[in-house]
> 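Before we start, here is the structure in question, set down as structure tokens.
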Protein chains: 2
Amino acid sequence: MSEKLTPLEQNPEGIGYLPGLAMDFVIFGFDQYQLKILLLEYRNTNLFALPGGFVRENENMNDAARRVLSERTGLSDIYLDQFYTFGDLARYDQAPLRTIMQAKGLNPTDDHWLLRRFVSVGYYALIDFRKAAPTPDPLSDNCIWYTLENLPELMLDHKAIAQKALETLRADLDRKLGGYDSWAAPLLPKAFTMGELQKLYETILGQQLRRSSFQRKMLSLDILERLEKQYSGGAHKAPYLYQFIMDK
Amino acid sequence: MSEKLTPLEQNPEGIGYLPGLAMDFVIFGFDQYQLKILLLEYRNTNLFALPGGFVRENENMNDAARRVLSERTGLSDIYLDQFYTFGDLARYDQAPLRTIMQAKGLNPTDDHWLLRRFVSVGYYALIDFRKAAPTPDPLSDNCIWYTLENLPELMLDHKAIAQKALETLRADLDRKLGGYDSWAAPLLPKAFTMGELQKLYETILGQQLRRSSFQRKMLSLDILERLEKQYSGGAHKAPYLYQFIMDK
DNA sequence: CCATATTGTCTCATTATGGAACAATAATAG
DNA sequence: CTATTATTGTTCCATAATGAGACAATATGG
């Protein structure tokens with residue numbers, strides 16, 4: 001499974017990987033009622049990028065996505081969705097990657113495989129901010145969480161990719177509601193209050209929801225199991241705790 | 001724009017095209033209240049496949065999709081949507097393509113580029129059955145419309161691709177409702193009756209809709225303009241004709 | 001002229017949603 | 001120990017959306 005491949009930057013031919021095909025990840029983390037995404041920073045270049053990766057020759061593409069995601073976040077049980085594939089010629093710009101490689105002391109030739117045209121498959125992931133152990137990739141120096149409002153300038157078309165990921169995530173929320181997949185489970189404690197669940201929805205959708213309607217809707221879906229009352233909390237009535245029903 | 005490239009089958013290196021990247025098309029046609037998709041047939045091989053294509057080195061991927069679609073259908077103004085990218089290793093099976101090429105009198109070596117592993121970007125299209133001029137690609141001998149219920153055995157994972165296209169199309173119908181894109185326009189006469197529009201929806205969704213609800217909903221969306229009454233028709237009250245409002 | 005099928009519209013029951021009220025109650029302040 | 005306070009679970013009602021059917025209108029075919 002984990003055969004040794006030459007590190008990417010020292011592999012000018014890209015041996016062992018599918019040529020011209022990349023993956024980019026929009027990794028959403030839920031932290032303090034804020035939605036953040038994980039970016040890589042390249043020191044001395046002022047360049048930021050989405051985490052990315054490549055597909056090995058003997059690997060399913062979706063498996064490759066899980067592998068790279070695990071390498072970047074340390075997490076294996078992740079909600080992951082392929083949302084779009086980006087193939088514009090405008091993506092083909094050698095400048096930023098060359099800058100990054102040069103800042104690393106490399107001096108790639110024009111036909112280094114990383115400098116060729118790539119089509120990139122976009123995935124978005126939802127992960128638990130607290131459980132993640134972000135790890136930079138071999139070319140970058142730093143992993144940082146950014147709120148969507150404070151995104152820095154991103155390489156290539158990565159801003160558009162992040163934007164499209166958010167749109168897809170929001171549009172998917174309704175449809176995923178009924179499904180048993182419970183995308184929300186990995187983002188919440190095992191037992192959570194209705195308020196916490198609502199806050200999660202509001203954070204992702206970027207808008208307020210009505211409390212009574214939300215509760216009614218959620219309870220009507222038969223995806224929640226009510227547990228005992230919560231003991232701790234604030235200066236007010238204790239809320240119930242819920243967990244997702246994991247039947248079948 | 002239309003630079004001359006060596007025909008695919010005589011181009012063992014795939015010069016001029018992005019390596020390892022294909023596109024597959026699920027072309028939906030609306031005919032006699034039936035939803036059909038366009039398949040290619042390879043004579044003497046008993047093999048059927050979705051129309052496919054490749055991306056040129058100096059071409060946006062989505063432009064390539066329109067180009068190929070135009071080559072296969074003769075249509076240029078087409079509703080086209082990229083819905084998923086298929087990258088399983090199981091797609092990598094030389095046998096069917098080798099059979100096809102041999103039936104054409106070709107004898108490709110194992111590393112002919114068409115026999116290598118491909119990742120394929122799936123697009124679905126909605127076209128007017130009557131306006132289409134289906135044209136087989138250089139390797140196939142025939143274009144045939146099939147209803148979804150009567151699909152023959154398809155090459156590789158093409159059946160799964162068609163299935164996913166249909167699911168995506170159906171799921172998208174609601175969301176596209178509000179939009180001004182009016183995906184339905186190219187599938188209907190310039191002026192159409194409410195019954196025709198409803199039939200279109202029913203055909204795509206594969207289920208009956210309630211007549212009064214459908215009419216109420218459509219009229220409430222403010223996307224239809226009512227014209228004069230239809231003059232011809234059957235032995236019954238003449239229905240109104242409508243057209244889509246094309247404002248901004 | 002009559003029968004017939006389909007259309008445009010209307011009505012009423014049912015269901016979903018928005019918006020607000022209200023009692024319950026766990027912590028905190030006195 | 002009591003009062004205060006914030007938040008919760010629930011209920012209520014107005015409004016909106018949808019399901020299901022009724023009914024008159026009317027081109028065409030007989």
Side-chain angles (χ1 to χ4, degrees), chain A residues 32-33 170-171 173-179 184 188-245, chain B residues 32-33 170-171 173-179 184 188-245:
Chain A
Q32 302 288 115
Y33 303 143
R170 286 181 175 169
L173 264 202
D174 312 347
R175 284 191 293 172
K176 292 191 195 311
L177 257 180
L188 291 167
K190 248 192 291 297
F192 50 88
T193 68
M194 192 61 75
E196 289 174 317
L197 184 59
Q198 182 175 342
K199 265 294 177 193
L200 175 58
Y201 270 85
E202 291 177 338
T203 302
I204 293 177
L205 293 175
Q207 61 179 339
Q208 303 288 108
L209 301 174
R210 272 146 292 276
R211 195 170 59 91
S212 64
S213 303
F214 184 81
Q215 175 128 338
R216 184 167 44 193
K217 183 87 172 182
M218 281 299 154
L219 293 180
S220 77
L221 290 174
D222 282 328
I223 57 172
L224 294 181
E225 182 178 0
R226 176 177 283 184
L227 309 174
E228 80 287 1
K229 283 248 183 181
Q230 189 176 36
Y231 177 58
S232 78
H236 52 73
K237 182 175 177 179
Y240 286 106
L241 290 174
Y242 296 88
Q243 63 184 24
F244 287 106
I245 298 172
Chain B
Q32 303 285 118
Y33 304 145
R170 286 181 175 169
L173 263 202
D174 312 347
R175 282 190 295 170
K176 293 190 195 311
L177 256 180
L188 291 166
K190 248 192 292 296
F192 50 88
T193 68
M194 192 60 75
E196 290 174 318
L197 184 59
Q198 182 175 343
K199 266 292 179 193
L200 175 58
Y201 269 86
E202 290 178 338
T203 302
I204 293 177
L205 293 174
Q207 62 179 342
Q208 303 287 107
L209 301 174
R210 272 146 294 276
R211 191 172 61 92
S212 63
S213 303
F214 183 82
Q215 174 130 337
R216 182 169 44 192
K217 182 86 173 183
M218 281 300 154
L219 293 180
S220 77
L221 288 175
D222 281 329
I223 56 172
L224 294 181
E225 183 178 0
R226 178 177 282 185
L227 309 174
E228 80 288 0
K229 284 247 183 183
Q230 189 176 34
Y231 177 60
S232 79
H236 51 75
K237 181 175 179 178
Y240 285 106
L241 289 174
Y242 296 89
Q243 63 184 24
F244 288 105
I245 298 172

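Chain naming here is simple, since letters A, B, ... match the order of the sequence lines and numbering starts at 1 in each.
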> Ignoring hydrogens and angles, tell me if any N or O in the side chain of A:Glu225 forms a donor-acceptor pair with the backbone of A:Ile245 under 3.5 Å.
no
> Please compare A:Arg211 and B:Glu196 by the position of their nearest nucleotide in DNA chain C and report the one closer to 5'.
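Its nucleotide being nearer the 5' end, the pick is B:Glu196.
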> So, B:Gln243 side chain and B:Leu227 main chain: donor-acceptor pair closer than 3.5 Å or not?
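No, because the side chain of B:Gln243 does not come within donor-acceptor range (under 3.5 Å) of the backbone of B:Leu227.
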> Given D:dG9, C:dG8, D:dA27, identify the nucleotide with an atom nearest to the side chain of B:Ala238.
D:dA27
> Picking from C:dA26, C:dG8, D:dT8, which would you name as closest to the side chain of B:Met194?
C:dG8
> Expressed as a whole number of angstroms, how long is the span from B:Gln208:CD to D:dA20:P?
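From B:Gln208 CD to D:dA20 P: 13 Å.
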> Once the angle between the rings of B:Phe192 and B:Phe244 is folded into 0 to 90°, is it parallel (under 30°), tilted (30 to 60°) or perpendicular (over 60°)?
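Answer is tilted, since the angle falls between 30° and 60°.
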> Listed by chain and number, what are the side-chain hydrogen bond (donor to acceptor under 3.5 Å, both in side chains) partners of B:Gln215, not counting sequence neighbours?
none
> Quickly work out the A:Lys237 NZ to D:dT7 P distance and round it to whole Å.
14 Å
> Sugar-phosphate atoms are those with a prime plus P, OP1 and OP2; base atoms are the rest. Using that split, label each nucleotide of nucleotides 10-19 of chain C B, S or - for protein heavy atoms under 4.0 Å, 5' to 3'.
B------BBB
> Find the distance A:Gln215:CD to D:dT7:C1' and express it as a whole number of Å.
12 Å
> Between D:dA6, C:dT7, D:dA27, which nucleotide gets closest to the side-chain atoms of A:His236?
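The answer is D:dA6, which lies nearest to the side chain.
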